[in-house]
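First comes the structure, then the notes that go with it.
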Amino acid sequence: MPEVLEIESYRRLAERVVGARVSRGWADEYAAKKLTAPSAWARVVAGLTITATDRRGKLLVLQTDGVTLALRFGMTGVLLLDGEAGLEGLFYGPHEYRSDWVRAGLEFEDGRSLVVHDPRRLARVEIDPDLDELGVDALAMSRSAFDAALGARGEGPAIKARLLDQSRIAGVGNLLADEMLFRAGIDPRTPVGRLDSAQRTALYRAFTQTMRTLGRRGGSHTGDHMVSRFPGGLCPRDGGAMRIETIGGRTTYFCSVHQR
DNA sequence: AGAAAGCCTCGGCCGC
DNA sequence: TGCGGCCGAGGCTTTC
């Protein structure tokens, strides 16, 4: 579920613990998979004071007076502060809280706790993350950065795959990618290098509109194409049949009429 | 039963 | 033939 819009809402929630000092932290073996050892999280976080929050794409960053901490949420992860969600429930998966789905967290000296709740086990904690692996943040995308991220003319992978490439553009997930291509009227299978100037312009416009509009509406799942995101769905714009294909490794919905 | 909104690894292919 | 980079496929994990 979480794409850049959701992670940004988690970041705003995490802002509330700026200034708080960590008394204790924990992470299970899955959440700690990117660390040198499962115990590293607990060992490192104790005594740190959160000084600021940050975000790069889908990576939530907690600056401290020592190391930098970071959280990833996988497909179903949610950030909770004392049991309160950073957004309204889960669109995908169960809309419920279960204590055994709490995979990692921080407790503070003031008694509060910030935890990662994830029914599946794809969420991760990180210490001193390498931000160089991530491209330009999707919520701070200029036209020139967008052109650079798309790359040169020629062939290249499907435009959808490139939009999902976190080392190029950080934060676009499956739903946001489908929505912006839907709005721009572009076939997601088009090799990125074959988009002409008009298509690039249309896609950039759709990109920024998608971020702004869906951000205002409340998340990645509020896109215009979502009403047709099921087998047999019809395009809400022109009534065309929606196609379903795997592109860039993800299930892709696109209109057979206006996305060509 | 099959698919799921993220990410990582692996292996094949291409070009130098 | 060798190697790096690019890219797609598949796996992880659990749930509904």
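Side chains are part of it too, since the values below use all heavy atoms of this structure and drop only hydrogens, waters and symmetry mates. Sequence lines set the chain letters: A, B, ... in the order given, protein chains first and strands last, and positions in each chain run from 1. This is a predicted model, so every value here is computed, not measured.
Salt-bridge check for A:E29 with A:K33: failed, with every basic side-chain N at 4.0 Å or more from each acidic carboxylate O. Here A:D178 pairs with A:R229 in a salt bridge; the nearest charged N to carboxylate O distance falls below 4.0 Å.
Neither OP1 nor OP2 of C:dT15 sits under 4.0 Å from any side-chain N or O of A:R120. When the side-chain nitrogen and oxygen atoms of A:R124 are compared with OP1 and OP2 of B:dC8, none of them lie within a distance under 4.0 Å. Note on A:K58: every side-chain N or O is 4.0 Å or more away from OP1 and OP2 of B:dA5.
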Check: protein-nucleotides 6-9 of chain C nitrogen or oxygen pairs below 3.5 Å:
from	atom 1	to	atom 2	distance (Å)
C:dC7	OP2	A:R162	NH2	3.3

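When both pairing distances are held under 3.5 Å, C:dG10 makes a Watson-Crick or G-U pair with B:dC8.
The base of B:dA5 does not come close enough to the side chain of A:R250 for any donor and acceptor atom to sit less than 3.5 Å apart. Residue side chain A:R72 does not reach the base of B:dG6 through any donor-acceptor N/O pair under 3.5 Å, judged by distance alone.
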Stepwise, does the side-chain contact (heavy atoms from CB on, under 4.5 Å) test hold for A:F207 with A:L176? CA-CA 9 Å; A:F207 190 112; A:L176 291 175; over 6 Å; no
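Put simply, CG on A:L122 is 14 Å from C1' on B:dA3, counting in whole angstrom units.
For the pair A:R237 and A:F182, the cation-pi criterion (under 6.0 Å, within 45° of the ring axis) is fulfilled.
A distance of 4.5 Å separates CD in A:E133 from CG in A:D130, rounded to the nearest 0.5 Å.
The backbone N or O of A:V67 sits nowhere less than 3.5 Å from a side-chain atom of A:D128 that would complete a donor-acceptor pair.
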